Participant: 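Encoded as structure tokens, here's the structure I'll be asking about.
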Amino acid sequence: MRYWLLKSEPDSYSIDHLWAEPGRTTFWDGVRNYQARNFIRDDMKKGHLAFFYHSGAPAPAIAGIVEITRDAYADPSAFEPGSKYFDSKSDPDNPTWFVVDVKAKKKFSEPITLAELRDVKGLDGMELLKRGSRLSVQPVSERHWKVINELRG
DNA sequence: GCCAACGTTGGC
DNA sequence: GCCAACGTTGGC
């Protein structure tokens with residue numbers, strides 16, 4: 001089992017949006033950073049779990065938990081000329097960008113705010129808490145995963 | 001709205 | 001291959 005953290009700005013796509021999807025499932029499109037792309041393409045597998053993190057919000061926070069329900073495949077938004085994620089350099093026969101499918105598993109009644117996380121012992125070294133961390137797809141260690149889950153019983 | 005951190009681009 | 005310029009992210 002591996003664990004992840006996925007960032008999204010709730011104004012554009014929140015955990016409530018995901019919850020309202022058919023099957024509470026969508027594909028995680030729009031990742032346009034190579035390090036994040038590599039995690040999605042190479043390391044994320046069906047059955048893995050991920051935190052759904054709200055960035056750019058008044059109180060940035062982990063909002064819930066999602067499950068990866070499909071291994072990586074080409075990001076369709078890269079091939080749609082009208083999409084803000086369109087990338088003319090991404091070749092359908094050799095795609096540059098990838099998505100996985102995610103399904104909402106849990107929504108925290110009280111989101112775990114970044115401020116709260118910063119006060120938790122045992123999260124030393126967590127990518128999210130590092131100065132200048134901007135990666136929108138990050139691995140989470142099993143230890144950190146457990147510590148964070150225990151915050152909400 | 002500010003600004004630090006970071007990634008990408010492009011001239012050389 | 002270096003690095004300045006530029007654009008974006010994201011907390012505050």
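The basis for the numbers below is simple: all heavy atoms, side chains too, and nothing from hydrogens, waters or symmetry mates. Being a predicted model, the structure only gives us computed values, none of them experimental. Below, chains carry the letters A, B, ... as their sequence lines are ordered, and counting in each starts from 1.
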Participant: Is Glu67(A) paired with Lys103(A) through a side-chain N to carboxylate O contact shorter than 4.0 Å?
Facilitator: no
Participant: Just N and O in the side chain of Lys7(A): are any of them under 4.0 Å from OP1 or OP2 of dG10(C)?
Facilitator: yes
Participant: Give the rounded distance in Å between these two atoms: CG of Asn33(A) and C1' of dT9(C).
Facilitator: 10 Å
Participant: State which of dG7(B), dC12(C), dG10(C) makes the closest approach to the side chain of Leu114(A).
Facilitator: dC12(C)
Participant: Calculate the interatomic distance between Asp87(A) atom CG and dT9(B) atom C1'; express it in whole Å.
Facilitator: 14 Å
Participant: To the nearest Å, give me how far apart CZ (Arg118(A)) and C1' (dC12(C)) are.
Facilitator: 10 Å
Participant: Between Tyr53(A) and dG11(C), is there a side-chain N or O to OP1/OP2 distance below 4.0 Å?
Facilitator: yes
Participant: CG of Leu128(A) versus P of dC12(C): gap in Å, rounded?
Facilitator: 10 Å
Participant: OP1, OP2 of dG7(B) versus side-chain N and O of Arg37(A): anything below 4.0 Å?
Facilitator: no
Participant: Between dT8(B), dG11(C), dT9(C), which nucleotide has the shortest distance from any of its atoms to the side chain of Arg134(A)?
Facilitator: dT9(C)
Participant: Identify whether any heavy atom of Arg32(A) sits under 4.0 Å from a base atom; if not, whether one sits that close to sugar-phosphate; answer base, sugar-phosphate or nothing.
Facilitator: nothing
Participant: State whether Phe39(A) and Arg41(A) meet the cation-pi test: NZ (Lys) or CZ (Arg) under 6.0 Å from the six-membered ring centroid, and within 45° of the perpendicular axis.
Facilitator: no
Participant: Just the rounded figure in Å: distance from P of dG10(C) to NZ of Lys130(A).
Facilitator: 16 Å
Participant: Measure the distance from CG on Leu135(A) to C1' on dG10(C) and round it to the nearest whole Å.
Facilitator: 13 Å
Participant: Atom CD of Gln35(A) to atom P of dT9(C): distance rounded to whole Å?
Facilitator: 16 Å
Participant: With the side chain counted from C-beta on, respond yes when His144(A) and Val120(A) share a heavy-atom pair under 4.5 Å apart, and no when they do not.
Facilitator: no
Participant: Measure CD/Gln138(A) against P/dT9(C) and give the value in whole Å, please.
Facilitator: 15 Å
Participant: List the steps, then state whether side chain to side chain contact (heavy atoms under 4.5 Å, CB included) holds for Ser8(A) with Tyr53(A).
Facilitator: CA-CA 6 Å; Ser8(A) 181; Tyr53(A) 179 80; over 6 Å; no
Participant: For the ring pair Phe86(A) and Trp97(A), is the centre-to-centre distance below 6.0 Å?
Facilitator: no
